[in-house]
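Taking it in order: structure first as structure tokens, then the write-up.
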Amino acid sequence: MKSKSFSKILLFTLTVAGGSSTVFAEESADTIATGANKGEERNVMLNASDATKPREIQIGLPSEDVNVYENGLPAVYSSSVHQLARHWRSDASLQDVGLITPMESAIKTGNIAYSIDSHSKLGQKEFKGIVNYRTNLFGWQNFDMNVSGGISDKWLYTASVYQNFDPGSFKPKFTDFSDRTQLYHAGVTRLLERGSISILYKYSKSNGLGSMVNAAPFIYVGDGSVKEIPGFTLGTTSYAPLGGQFKYMDVMDGKIKTGQWGDFTNNRAHEVSALFDYTLGNGYQLNLRAKFMDAPQANYVDFGGSSIFKATAADNLFKDGSDTPYTGLAEGRRTWLHIGKVMNTLFTGEASKRFGNHDLRLGLNEWYYNLDYHSSSFQWTGTVSAYPDILEKRYDDGTSDKFRGFNELSPEYTKGYENKLALYITDSWTVTPKLNLYFGGRLEYYRMSADQIPFERYSGFHIGDTHTYADGTTVKIEPRRVIKNKLNYAATLQGTYQFTKNFGVTADATVATRFPRINEYAGTGPTDEQYKRVTIPLIRGGITYKNRFIDLTSMVTYISKSNNIDQQNVTKPGTTQSKTTLLIYGIQTLGWTTSAEIHPFKGFNLHALFTYQKPTYKDYFIKSPFEGVPDLNANGNTVKEIPQILIELDPSYNITDDIRLWLSFRYFGKTYANLTNALYFNGRWETFGGVTWNVNRHLTVGATVINFLNQKGASGTINGAELISKEEAGKYSNFYMSGSYLRPFTVEFSTTFKF
């Protein structure tokens, strides 16, 4: 369960079904709602980094987990183990997909974040069906369909199938697909005189390679640009090994076991939901949502890297079947095998009524989450090449190994549960036709019971081991129970005032708190002294202007987070030596965003967005675990991976009522690639374009081009560069490094048939 370092606003793609970037609809973009009950709408966002997930927009805060809701409840309670893309896709089973504002999300869920709000098709009295098919030039095949209709006057049904066969932009040698996902939905609805009740079943089965295939080596030029290593094309060449068996030490019992790369990516889950909607007397509306989900397999594999070096004969590294030492580029590689079982029982009830100028809402959450999780880690050395060889290390005493450092780097374990019982209330008050006030509050009782292993990791670490430290003391490695009972709260207040028909102002303030969660105890975890309240305040203010040609909003935003917990693997610069350290720090971001929808003439629309933000670290200090390497004080440094400038330009034009052309340009400014801000990537453009043609009322066809400028940029962080100082940055000109990269030039085709 490797911690995510940054906050990301998860946005949606109406037709992103496991990788498609085809656009069929476009809504108003990045419009900041003038009333908090009105969900913020954004145009379709396209993901240039990962074809299996909705696009993520970074805002400079540590992640508060994936915020995707299905029928009013979390699609997955936490993606730290059971990942969202393994159980949810925006497919034909959904009736609609929208967004919840950060304010409403804070009150209804306890998290300040934009949240995806999706709802299932429940059926209607007449029969309807839809079939979507998508493919691309790399052999991707995606199919999903839904049929729904009436059984009788009082009964409706719905059924959906989703199948994704994605080999990626290169074929992995140890499996057929980089993403193979199956989703099955079925449901019935009973219509009542003043409401309805629905029972839905969902089954998911998914294997995704994730970080095993999304990293690559490149040459860091030194001026923020990168260039390709000869013979290695970014995006279409695999940096994952050919396959075969590997050895690892099971952290649960210390036994050396064997496995294959694709054996640890299985995910299965069963889910049953009940939805009840009813209109009571006097206009009261009652909505009840309940879900039970059991995921007996919630597994994934992480790959990481350290430093690339030039191997010599003295390193005694050998390819399989060779007695000649390997001399050439090599990199120390890392692997984590994550094994989890997840079960949750979730309930949300909400009653609402309009009283004059007040729109009141009273809600209750009872969310229970059970987790049984562990991970094992190991290290190996591979050639820097396409489908790298795993090199064997031979020692002077005649022994050898290909896999080493068992469980030295952040093996994890936790078993237990957390429970949230919360009461919330909101009111949207139309004070006058020009003035609206929205306010809400949430009080949450949070209980956590977790088994953790609060001990330093070392090579050979496992449960049951008796470890002797350098000072002679010994310790038995075994789980210890942590129980916490805490109160969390959230509050929000927003005011909007319309001075004229065209011009208005808006301002809001929101605060949410929480304490460390069960997933944050999977590593060494915070001690009782470190167990502190996490506080997240959000303050925004700005103006709105609207006429027949333009809809514009300009906002200044301040957001921060205290006591963020992160587990960081740090590498000694220029070596493959790595250590794991627990960090607790803060982040604050000041930003300015201006967004506009422009309609200069019939058929043409332009969405434009400009954001400037300054996310910085607070109280970020790493005590160096390596001799001769100074400590790192990152206070005031710009948060890595997050650009300070974001630009979005989305023009579209309807040639006819049935044919639409569209383009999408995303500019990400300079981003830092390590904690010290010594290394960075220059700004880059991510580009998309396409055409859709509604042939008739039954058939729609489309084509999408991804990265049509064919940019070969890298993104994210640079492996092994965590502690490189600014004074040392000059040494890394034309230096071989590894990291993540942009999706390559891709052409996709889609067909939708409605019947």
Side-chain angles (χ1 to χ4, degrees), residues 9 11 25-44 57 59 98-107 112 114 117 352-361 426-440 491-511 537-559 590-613 645-654:
I9 304 174
L11 300 182
E26 186 166 349
E27 305 296 335
S28 61
D30 290 280
T31 302
I32 303 199
T34 55
N37 285 335
K38 182 171 129 184
E40 292 190 18
E41 300 284 345
R42 293 177 183 251
N43 72 328
V44 172
I57 297 294
I59 60 169
L99 286 180
I100 303 174
T101 66
M103 294 173 299
E104 190 172 0
S105 179
I107 301 303
I112 292 183
Y114 288 93
D117 187 25
S352 60
K353 183 178 176 5
R354 188 165 186 85
F355 295 91
N357 294 333
H358 293 267
D359 192 354
L360 286 171
R361 190 179 305 268
T426 67
D427 181 23
S428 181
W429 177 22
T430 305
V431 183
T432 71
K434 292 186 175 183
L435 176 64
N436 179 270
L437 296 178
Y438 175 87
F439 47 89
T492 188
L493 174 64
Q494 181 195 48
T496 62
Y497 187 81
Q498 202 69 25
F499 286 101
T500 68
K501 178 182 177 181
N502 305 110
F503 176 71
V505 295
T506 181
D508 58 75
T510 304
V511 62
L538 166 66
I539 302 172
R540 305 189 302 179
I543 61 171
T544 63
Y545 180 80
K546 184 176 182 179
N547 60 30
R548 58 180 296 189
F549 300 110
I550 188 170
D551 186 350
L552 179 144
T553 301
S554 187
M555 300 276 284
V556 175
T557 299
Y558 171 83
I559 189 168
L590 182 65
W592 169 52
T593 295
T594 297
S595 177
E597 284 287 336
I598 304 170
H599 315 277
F601 54 87
K602 183 179 179 181
F604 180 82
N605 178 77
L606 173 65
H607 159 243
L609 171 73
F610 173 83
T611 296
Y612 176 79
Q613 57 187 5
I645 295 177
L646 293 167
I647 299 174
E648 300 179 3
L649 299 172
D650 303 297
S652 65
Y653 179 65
N654 285 78

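When a residue number appears, it is its place in the shown sequence, counting from 1.
Nearest heavy-atom pair across Y653 and K602 is CE1-O, 4.0 Å. When all heavy atoms are compared, the tightest approach of L606 to P651 is CD1-N, 3.7 Å. For the residue pair I543 and F503, the shortest heavy atom distance occurs at CB-CE1, 3.9 Å. Taking both residues in full, the closest heavy atoms of S105 and I100 are given as N-CG2, 3.7 Å, listed atom of the first, atom of the second, then distance. Here the closest non-hydrogen pair linking V505 and T544 is N-OG1, 4.4 Å.
To the nearest 0.5 angstrom, E104 atom CD is 11.0 Å from L99 atom CG. With values rounded to the nearest 0.5 angstrom, N357 atom CG is found 9.0 Å from T432 atom OG1. Distance check, rounded to the nearest 0.5 Å: OG1 of T557 to CG of L590 gives 8.5 Å. Here R361 contributes atom CZ and I107 contributes atom CD1; the two are 12.5 Å apart, rounded to the nearest 0.5 Å.
Considering only heavy atoms from C-beta on, L646 stays 4.5 Å or farther from L609 through its side chain. Between M555 and T506, the closest side-chain pair of non-hydrogen atoms falls below 4.5 Å. Looking at heavy atoms from C-beta onward, L538 lies in side-chain contact with P102 at the 4.5 angstrom threshold. Between Q613 and I559 the shortest side-chain heavy-atom distance does not fall below 4.5 Å. Using a 4.5 Å heavy-atom threshold, the side chains of H607 and S652 count as separate.
Under a 3.5 Å cut-off, the side chain of N502 and the backbone N or O of K546 do form a donor-acceptor pair. Under the 3.5 Å distance criterion, the side-chain polar atoms of D427 are matched with a main-chain donor or acceptor of D359.
Ring geometry for F610 versus W592: interplanar angle over 60°, hence perpendicular rather than tilted (30 to 60°).
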Item to check | R540 vs T593, side chain to side chain contact (heavy atoms under 4.5 Å, CB included): CA-CA, chis, key distance, verdict | outcome: CA-CA 10 Å; R540 305 189 302 179; T593 295; over 6 Å; no
Checklist entry - After noting the C-alpha distance and the side-chain angles of S554 and Y545, does the key distance pass the side chain to side chain contact (heavy atoms under 4.5 Å, CB included) rule? => result CA-CA 9 Å; S554 187; Y545 180 80; over 6 Å; no
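Two rings, from Y497 and F499, have their centers less than 6.0 Å apart.
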